[in-house]
Amino acid sequence: MPRVRPPRRLHLPPTDFDAVIVGGGSAGLSAALTLGRCCRRVLVCSSGPPRNAASPGVHSFFTRDGTKPSELLRLGREELAAYPTVSFRDALVTAITPEPTTQGFTLTMAPERGGPDLTCTTRKVLLATGVSDDLPPISGMRELWGTGVLHCPYCHGWEVQGQRLAVYGRGKTGWGLVQLVSRWSRDVILCTDGPAGITEHGRQRLRRLGISVREEKVLRLEGTAKGQLKQIVFESGEPLTRDAVFLHSEQRQRSTLAQESGCRILKSGAVWTDKKGQTTQKGIYAAGDTTPAPQQAIIAAAEGSLAAIALNEALTREDCRG
Ligand SMILES: Cc1cc2nc3c(=O)[nH]c(=O)nc-3n(C[C@H](O)[C@H](O)[C@H](O)COP(=O)(O)OP(=O)(O)OC[C@H]3O[C@@H](n4cnc5c(N)ncnc54)[C@H](O)[C@@H]3O)c2cc1C
């Protein structure tokens, strides 16, 4: 194993790590690989499952199409074991406190196994904390999430192509998504669960595509024990047989750390970064679903790598100043 050069920061007290990555999903593990290979002392702190935990397979991930989400991350961690520069802690990061003496940060962590809080110091932080999905409060949505209720046709359209599909949503969101999904099946129905909020022009377009709109209130979704959708039941009691339903969920940041650290948060709730993953707070970077980019595992991984390069270059500039 190559020797890791200690940082040269002659003018500042040392820190435990060069970078702490908060979140061990695709973005975090990919960033750890890049930084570990830069001979940086890296800690990956993660707590909780990745966003796609409910899904049977990660699709559209080059060389890993269909791999179970937990397996994808296991492989990522296994690969990182070759780099003694990278360590892991199963802990929830609860605070990031700027440290004027080191010009870095102190992180507070709550270990998953319990016990007292831990702290560590670092020069830079990368937030790869992801988002979580708030689903409509309809019986069956959560139970079928990831199998019969799908969030993205790019990830799961292939598996349900040609089947009886529905899109749940109204206004421009539902209107746009149902047209996208019609790429995978000619039998798609838009369920708006109340007034559709679509203009006459928009309705005409859907009619031309053979897409019907159901505006009745949705009572529940019914599916199999294995999570396959069987039917959508309207308040009138009438069931609509469907094999899968797509929707754009409401999203929440998985962590409030960016907000608490004073990073700029966009109206959408995403953490703003420049093209290289730097947030508005110097020394704090962000990557993956937590930022505004399209949300796919491979894009999260690419963003993690991009932010890691920017972070390493910032560290290198500091190191070379002596
Ligand atoms: C049902 C479903 C299926 C999907 N299927 C696909 C697919 O087939 N293909 C595809 O490309 N994409 C898919 N996606 C999207 C994909 O899950 C995300 O794009 C990807 O997981 C983003 O990676 P990430 O690293 O940004 O976040 P995540 O994978 O969510 O990882 C973030 C991690 O950070 C942890 N964390 C958060 N806060 C803290 C904290 N304070 N301290 C410590 N740890 C913390 C979280 O618990 C989590 O483990 C799917 C999404 C869903 C919801």
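Note: hydrogens, waters and symmetry copies are ignored here, and every other heavy atom, side chains too, is used. First listed ligand is number 1; within each ligand, the first listed atom is number 1. Computed from a predicted structure; not experimentally measured.
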### For Asn52, the ligand 1 atoms whose distance to one of its heavy atoms is below 4.0 Å
2 (C), 3 (C), 4 (C), 17 (O), 50 (C), 51 (C), 52 (C)
### Task
Examine the side chains of Gln103 and Arg123 and answer whether a donor and an acceptor come within less than 3.5 Å of each other.
no
### Task
Please work out which of Ala301, Gly288, Cys155 has its closest non-hydrogen atom nearest to atom 6 (C) of ligand 1.
Cys155
### Task
For Pro49, counting its heavy atoms only, list the atoms of ligand 1 lying under 4.0 Å from any of them.
46 (C), 47 (O), 48 (C), 49 (O)
### Task
Look at atom 19 (O) of ligand 1 and say which protein heavy atom is nearest, naming residue and atom and giving the distance to 0.1 Å.
Asp289 OD1, 2.9 Å
### Message
On a heavy-atom basis, I'd like to know which of Ser255, Gly130, Ser47, Gly48 is closest to atom 35 (C) of ligand 1.
### Response
Ser47
### Query
Side chain of Arg170, backbone of Asp193: donor and acceptor closer than 3.5 Å?
yes
## Note on the structure
Heavy-atom proximity to atom 40 (C) of ligand 1, picking from Ile96, Ile299, Leu127, Leu92, points to Leu92
### Task
Ignoring hydrogens, just give me the one of Arg89, Arg254, His156, His151 whose non-hydrogen atom is nearest atom 14 (N) of ligand 1.
His151
### Message
Does only the side chain of Asp133 get under 4.0 Å from ligand 1, or the backbone, or both, or neither? Count heavy atoms.
### Response
side chain
### Query
Pick from Val20, Leu43, Val22: which one makes a side-chain contact (heavy atoms from CB on, under 4.5 Å) with Met109?
Leu43
### Query
Going by atom types alone, do Glu112 and Ser47 pair a side-chain donor with an acceptor below 3.5 Å?
yes
